[in-house]
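Okay, so here's the structure we're looking at.
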Amino acid sequence: MKRKYFLVGLFLMLVIFLAGCGSGGGVIPSTNLSGNWTTTNTTTFTTSSQIADVGAVTTAKCNIVDNSGSLTIYNFYIIGQPFINWNTGYGTFKNSIITANISGSYLNIYGSTVSTIVYFEGTIDSSGISGSGTWIQTISVYGYSDSASGTTIFIKG
């Protein structure tokens, strides 16, 4: 009889142990990126000093609406560059990785349209309020293009 209770107890301990080793033991909450964001961008490479000098730091602001990982970016602007007309941007957020594209344009001093695209990619930390990554900006006019790239820090708020 004691042997029977021992085996039942052993079986229950095994079941509890295996249940604890299952799916990680809990639900991981989703991160909603909706809100106002600021990026601090440092240039590490450029094909032309007309875009930015290496070492230059810019700050951009925007509002992100997160629809289950599908991002819409509104009111994007780079502080100190008010002449660029930015379009609505789009991106994704999955497994802490964020990607985003924003395009815009402006007229140069010759009256020609200059197109620009900024691509961000990075990782948002588990708090959902900060992260870091990289950016690439391409500027095109008259069939020619130049680019700059660098590092970025994302901060919500």
Side-chain angles (χ1 to χ4, degrees), residues 18-157:
L18 291 175
C21 294
S23 65
V27 175
I28 298 171
S30 64
T31 301
N32 187 330
L33 298 186
S34 292
N36 293 316
W37 284 83
T38 300
T39 66
T40 303
N41 315 293
T42 303
T43 304
T44 59
F45 172 81
T46 184
T47 59
S48 171
S49 62
Q50 293 178 0
I51 298 176
D53 292 323
V54 170
V57 177
T58 59
T59 302
K61 295 189 175 271
C62 67
N63 180 272
I64 296 177
V65 175
D66 183 354
N67 185 9
S68 300
S70 179
L71 308 178
T72 306
I73 299 136
Y74 298 102
N75 303 321
F76 180 87
Y77 66 98
I78 299 172
I79 294 174
Q81 296 180 3
F83 52 88
I84 300 175
N85 298 310
W86 294 101
N87 300 313
T88 300
Y90 298 96
T92 60
F93 179 68
K94 184 175 182 181
N95 299 328
S96 76
I97 304 296
I98 184 171
T99 61
N101 276 302
I102 302 102
S103 64
S105 63
Y106 62 93
L107 293 178
N108 67 11
I109 60 172
Y110 305 107
S112 298
T113 300
V114 178
S115 299
T116 183
I117 299 172
V118 181
Y119 173 77
F120 290 98
E121 183 177 73
T123 303
I124 301 297
D125 66 21
S126 60
S127 71
I129 60 171
S130 64
S132 61
T134 59
W135 61 272
I136 300 170
Q137 182 174 10
T138 304
I139 295 178
S140 303
V141 64
Y142 305 124
Y144 298 99
S145 65
D146 283 312
S147 64
S149 60
T151 59
T152 189
I153 297 171
F154 307 105
I155 298 176
K156 187 175 184 181

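Nothing fancy with the numbering, it's 1 onward along the sequence. Worth saying up front: this structure is predicted, and the values here are computed from it rather than measured.
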Quick one: list whatever passes side chain to side chain donor-acceptor pair (under 3.5 Å) with D146, sequence neighbours left out. T47
So, applying side-chain contact (heavy atoms from CB on, under 4.5 Å) with T42, which one of I153, V54, T151 is it? T151
Please check if the side chain of N95 supplies one atom and the backbone of I97 the other of a donor-acceptor pair under 3.5 Å. no
Could you tell me the separation between the CD1 atom of I129 and the OG1 atom of T31, rounded to the nearest 0.5 Å? 11.0 Å
What are the two closest non-hydrogen atoms of T44 and G150, and how far apart are they? OG1-CA, 3.2 Å
Identify the heavy atoms of I73 and A100 that sit nearest to each other, and give their distance. CD1-CB, 3.6 Å
Work out which heavy atom in Q137 is nearest to a heavy atom in T116; give both atom names and the distance. NE2-OG1, 2.8 Å
What pairs of residues pass the side chain to side chain donor-acceptor pair (under 3.5 Å) test when at least one of them lies in residues 120-130, not counting sequence neighbours? Y119-E121, D125-S127, D125-S130
Could you work out, with side chain to side chain donor-acceptor pair (under 3.5 Å) as the rule, every residue matching D53, not counting sequence neighbours? none
Separation of I124 CD1 from I98 CD1 (nearest 0.5 Å): 4.5 Å
Counterpart residues, side chain to side chain contact (heavy atoms under 4.5 Å, CB included), relative to T92 (two or more places apart): T99
Residue pairs meeting ring-ring contact (aromatic ring centres under 6.0 Å, His included), one or both in residues 78-109, sequence neighbours left out, come to F76-W86, F83-Y106
May I have all residue pairs that pass side chain to side chain donor-acceptor pair (under 3.5 Å) and include part of residues 64-85, sequence neighbours excluded? none
Across all chains, not counting sequence neighbours, the side chain to side chain contact (heavy atoms under 4.5 Å, CB included) partners of T152 are T39, N41, F120, W135, F154
To the nearest 0.5 Å, what is the distance between CG on N63 and CH2 on W37? 11.5 Å
Please name all residues satisfying side chain to side chain contact (heavy atoms under 4.5 Å, CB included) with S105, sequence neighbours left out, ordered by chain then number. T113
For Y110, I'd like to know if atom OH has over 12 heavy atoms of other residues, nucleotides or ligands within 6.0 Å. no
What residues, two or more places apart in sequence or in another chain, satisfy side chain to side chain contact (heavy atoms under 4.5 Å, CB included) together with S103? N87, I117
Measure the spacing between SG of C62 and CD1 of I102 and express it to the nearest 0.5 Å. 6.5 Å
For the pair T43 (side chain) and F45 (backbone), establish whether a donor and an acceptor sit closer than 3.5 Å, ignoring hydrogens and angles. no
Taking all non-hydrogen atoms of both residues, which atom of A56 and which atom of A52 are closest, and how far apart? CB-CB, 4.4 Å
Identify, with sequence neighbours excluded, every residue that meets side chain to side chain donor-acceptor pair (under 3.5 Å) alongside S149. none
Which residues pass the side chain to side chain donor-acceptor pair (under 3.5 Å) test with T38, sequence neighbours left out? K61
